[in-house]
Amino acid sequence: MPLRLYNTLTRTEEDFVPRDHARVSFYSCGPTVYDDAHIGNFRSFLAADVLRRWIESPLCEVKGADGQAHKGPRKVVHVMNITDVGHMTDDAEGGESGEDRMAVAGKRIAEAKKSGKLPADVRIDPGDPYQIARFYEERFKDDAKRLGLKLAIEGEKDPTLQPRATESVPGMIELVKRLIAQGYAYVVGGAGERVVYFDVQKFPAYGRLSGNTLDQLREGAGGRVAASNQASKRHPADFLLWKEDSSHIMKWDSPWGAGYPGWHIECSVMSFQRLVGNDLSATIPNGEALIDLHSGGEDNIFPHHECEIAQSCCAFNATPAKGGYARLWFHPRFLLVEGTKMSKSKGNFFTARDLFAKGVDPAALRLELVRTHYRSNANFTMQGLADSQRQVERWRRFVESAGGDASHSQGSRDDAMLGFAQALNADLNIAAAIAEVNKFVARTEKPGTQDAELMKVFDGVLGVLELQRPAAASTDIGIFAPGVAPDPAVLAKLEERRAARAAKDFARSDRIRDELLAMGYAIKDVAGGKVEVRRAGA
RNA sequence: GGCCGGGUGCCAGAGUGGUCUAAUGGGACGGAUUGCAAAUCCGUUAUCCGUCGGUUCGAAUCCGACCCCGGCCUCCA
């Protein structure tokens, strides 16, 4: 059975049929870079990464336009934008209230430098939005690579896979011009306060993705859109394409004055230019879908992706009935933290780098973020992270102990491959796929070279074992877990305990272990007379 | 008010009409091992799937009502 995926657009699970089964185009809405990405962001990006890895796996079969299932090899061109244009905190459309996010980030950076939270050698001007954006962009790419986001690793060699919105503004202006010329957009306001809106009533399929059809959208339902902005629109759902605003922190010249683009138009431009063609005046023959896959967090379904579809279908003559802009829309659900929603505005979020700084193994974090089905809300917990860590360690032991002839037949490996492929082909059932891996590991008493190779194939999709492990600090007596500094007080206790054990004074040895536990350290004896030290409870 | 997802053991989380007395991982418990621990290995751990009704020879799986939880309805992955 070839790959089947749930399509948000049709609300059904369907065969995934790309335009070219050997070369799949995939666009993912990427991060905004006015703060560090949190683990919820990464859950969404990693779900897309697992999908792309699965499509590229030699075990995956994909249905072609000829109706036949095709084996690989297959290439996925996976593009993820970097949103480095600042937007308003309160009103991304009108910009009449709130502050620009990039300006807020600048203040935060200035404060962090003052308080010493950011090292003094970080050279960044908090008043320069481009420097702020680059600063967070680098940190994002760094985190993404540590978590095995394949696109970020490829992006080092091919930066066009991670296009920046600020570098695509000329294309956005061109596309807005085209939409106006075609009658899909209109300009309101006089010089100095011009605004370009998309006319949603010209696109009858508006609402198909989200279910928010025009007659169901109530004016200002979220209560966040200023009434004065709404007044100049032809329909309350009309959305911003360009805003003239000479006071904006980031601004560009345009036929509608100096200002900034609306926040939906960038993805229409970047996805087209990187995955379809450079000529934004092109028209798609037969109204075919432009790209194969498009992903983003569930909150992107409306309004962002709805608006992208409207813009792109209208500008390039793609037909909604033929999939329109993208053949298949992939939307991972939110990540909860200890049972409640996390969001930037609530501030209850973990960033990946916070966790790495505490010594969390990227492999464990990746597995924890990826192991729940992408269309369910996952619940991130410290317990779950510990579970994932142990799972990773079992797999590592399996691979590291492998060698020579396998203790069992090829049939066992074939079963595992089949089970793994069937699970992932069924709308990316990763939990079932992991279960297949575990069953394979459990029944393999003595793993051979071929078993280790098969694990590598599985890990090509899971992307866990290939990640770099955090380094452990080591002294002649202690091996300190990542994130645990070799404290002299601890070292002294370890020396004392070593002496006690040599003298067979086990009562004293155990007492020292309890003392260390009270100090927050858990220890265990390992081969060679050394002691492994980790944080208690971790 | 409109539109989407969900409710499975101590926890996380699969399973969508019979093979389910419900996968897999963690935890817990028992055993092996260890000076004792830790790690590892072996074994045990849901007669039941939010509640109540219905359809069916047969339901965790389909239908209805109800109760809860999460998301979106122009900040957010």
Side-chain angles (χ1 to χ4, degrees), chain A residues 8 11 28-32 35 37-48 87-94 98 101 207 210-213 215-218 220-225 229-230 236-240 262-264 295-304 306-307 331-336 339-346 349 367-368 371-373 375-381 383-391 393-394 397 419 423 426 429-439 441-442 445 501 504-507 509-510 513 522-527 531-532 534:
Chain A
T8 307
R11 293 182 187 81
S28 290
C29 281
T32 49
D35 204 346
H38 55 65
I39 55 174
N41 300 124
F42 276 113
R43 185 203 185 201
S44 164
F45 301 146
L46 290 174
H87 291 290
M88 294 297 142
T89 51
D90 290 350
D91 181 1
E93 270 200 282
R101 293 182 177 283
S210 62
N212 292 327
T213 51
D215 53 314
Q216 280 167 344
L217 280 167
R218 298 190 312 167
R224 298 187 207 114
V225 179
N229 284 344
Q230 291 294 60
D238 286 354
F239 56 90
L240 185 87
W263 68 288
H264 309 302
S295 80
E298 62 172 318
D299 57 326
N300 281 158
I301 296 170
F302 189 90
H304 187 53
E306 199 73 77
C307 296
H331 291 108
R333 303 292 162 200
F334 273 123
L335 178 75
L336 306 177
T340 63
K341 190 200 171 189
M342 77 186 296
S343 71
K344 283 187 181 179
S345 56
K346 274 190 193 166
F349 64 91
L367 182 61
E368 174 65 5
R371 70 206 262 227
T372 305
H373 187 89
R375 275 193 301 115
S376 298
N377 288 124
N379 189 16
F380 178 87
T381 61
Q383 178 61 52
L385 190 59
D387 289 359
S388 294
Q389 180 69 61
R390 303 197 58 166
Q391 174 73 82
E393 278 161 12
R394 281 190 60 182
R397 269 199 306 279
N429 187 345
I430 191 155
I434 288 171
E436 290 298 329
V437 173
N438 280 324
K439 281 191 260 183
V441 167
E445 275 178 48
R501 293 183 74 211
K504 302 251 184 246
D505 184 352
F506 295 120
S509 161
D510 290 351
R513 184 165 58 209
I523 60 169
K524 82 181 188 196
D525 297 310
V526 294
V531 181
E532 203 174 284
R534 54 176 64 234

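Proteins get letters first, then strands, A, B, ... in listed order; numbering begins at 1 in each.
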Base, sugar-phosphate, or nothing for A:Arg394, non-hydrogen atoms under 4.0 angstrom?
sugar-phosphate
Counterpart base for B:rG64, defined by Watson-Crick or G-U wobble contacts under 3.5 Å
B:rC52
What I'd like to find out is whether the side chain of A:Arg375 reaches to under 4.5 Å of the side chain of A:Pro332, using heavy atoms alone.
no
Rounding to an integer number of angstrom, what distance separates B:rG15 and B:rC72 when you compare their C1' atoms?
28 Å
Find the partner of B:rU44: check Watson-Crick (N1-N3 plus N6-O4 or O6-N4) and G-U wobble (N1-O2, O6-N3) distances, both under 3.5 Å, and reply none if neither fits.
B:rA28
Would you kindly give the CZ-to-C1' distance between A:Phe334 and B:rG70, to the nearest whole Å?
10 Å
Side chains of A:Phe380 and A:Leu336, heavy atoms from C-beta outward: is any pair under 4.5 Å?
no
Check whether the side chains of A:Thr32 and A:Arg101 place a donor and an acceptor atom closer than 3.5 Å, and report yes or no.
no
Determine the Euclidean distance between corresponding P atoms of B:rA23 and B:rU16; express it in Å to zero decimal places.
14 Å
Verdict with supporting geometry, A:Arg43 and A:Arg333, side-chain contact (heavy atoms from CB on, under 4.5 Å):
CA-CA 9 Å; A:Arg43 185 203 185 201; A:Arg333 303 292 162 200; 4.1 Å; yes
P-based separation of B:rU24 from B:rC41 [nearest Å]
15 Å
Could you tell me whether the side chain of A:Arg11 has a donor or acceptor atom within less than 3.5 Å of a complementary atom in the base of B:rC4?
no
Classify the ring geometry of A:His304 against A:His264: parallel below 30°, tilted from 30° to 60°, perpendicular beyond 60°.
tilted
A:Asp387 has an atom CG; how far is it from atom C1' of B:rC10, in whole Å?
12 Å
Need one value for A:Lys504: base, sugar-phosphate or nothing, where a base atom within 4.0 Å counts as base even if backbone is also close, heavy atoms only.
nothing
So A:Asn438, base contact, sugar-phosphate only, or nothing? Heavy-atom distance under 4.0 Å.
sugar-phosphate
How far, in whole Å, is B:rA65 from B:rU55 if one measures between their C1' atoms?
15 Å
Is B:rA23 paired to anything, Watson-Crick or G-U wobble with both distances less than 3.5 Å, and if yes, which nucleotide?
none
I want to verify a distance call: between B:rC4, B:rA37, B:rU24, whose nearest atom is closest to the A:Arg333 side chain?
B:rC4
Distance check, C1' atoms only: B:rU51 and B:rG7, in whole angstrom units.
11 Å
Could you measure between the two P atoms, the one in B:rC76 and the one in B:rA60, and give it in whole Å?
43 Å
Spell out yes or no: do the side chain of A:Arg501 and the base of B:rG35 have one donor N/O and one acceptor N/O closer than 3.5 Å?
yes
Whole-angstrom distance between B:rU8 and B:rU61, as gauged at atom P
14 Å
Between A:Ser388 and A:Leu367, which heavy-atom pair has the shortest distance, and what is it?
O-CD2, 3.7 Å
Shortest side-chain distance from A:Asp299, nucleotide among B:rC72, B:rC75, B:rG25:
B:rC72
Can you tell me, in whole Å, how much space there is between the C1' of B:rG50 and that of B:rU45?
23 Å
Stepwise side-chain contact (heavy atoms from CB on, under 4.5 Å) test for A:Leu240 and A:Trp263
CA-CA 8 Å; A:Leu240 185 87; A:Trp263 68 288; over 6 Å; no
Counting any heavy atom closer than 4.0 Å, what does A:Asn300 reach on the DNA or RNA strands: base, sugar-phosphate only, or nothing?
sugar-phosphate
So what does A:Gly384 hit on the nucleic acid, given a heavy-atom distance under 4.0 Å: a base, only sugar-phosphate, or nothing?
nothing
Can you confirm whether the side chains of A:Asp387 and A:Gln383 place a donor and an acceptor under 3.5 Å from each other?
yes
Go nucleotide by nucleotide along RNA chain B from the 5' end; which of A:Phe506 and A:Arg375 gets its closest nucleotide reached first?
A:Arg375
Under 4.0 Å protein heavy-atom contacts per nucleotide of nucleotides 13-20 of chain B, with B for base, S for backbone only and - for none
SSS-----
Find the distance A:Glu368:CD to B:rC11:P and express it as a whole number of Å.
16 Å
Indicate, with a heavy-atom threshold strictly under 4.0 Å, whether A:Ser509 touches base, sugar-phosphate, or nothing.
base
Would you check, one step at a time, whether the test side-chain contact (heavy atoms from CB on, under 4.5 Å) holds for A:Asn377 with A:Leu335?
CA-CA 6 Å; A:Asn377 288 124; A:Leu335 178 75; over 6 Å; no
For A:Asn212 and B:rG71, what is the distance between atoms CG and C1' respectively, to the nearest whole Å?
12 Å
Provide the Watson-Crick or G-U wobble partner of B:rG18, both distances under 3.5 Å; none if there is no partner.
B:rC57
Of A:Thr381 and A:Glu298, whose closest RNA chain B nucleotide lies nearer the 5' terminus?
A:Thr381
Rounded to whole Å, how long is the line connecting atom CG of A:Leu385 with atom P of B:rG25?
19 Å
Within the structure shown, what part of the strands sits under 4.0 Å from A:Ile430 by heavy-atom distance: base, sugar-phosphate, or nothing?
nothing
Between B:rC76 atom C1' and A:Trp263 atom CH2, what is the distance in whole Å?
8 Å
Which nucleotide, in any strand shown, forms a Watson-Crick or G-U wobble pair with B:rG35, with both distances under 3.5 Å?
none
Mind calculating the distance between CD (A:Gln389) and P (B:rG25) to the nearest angstrom?
17 Å
Out of curiosity, A:Thr213 OG1 to A:Glu306 CD, how far, rounded to the nearest 0.5 Å?
9.0 Å
Select one nucleotide: of B:rG70, B:rA39, B:rC73, the one nearest the side-chain heavy atoms of A:Lys524.
B:rA39
What is the distance, rounded to the nearest whole Å, between atom CD of A:Glu393 and atom P of B:rC41?
12 Å
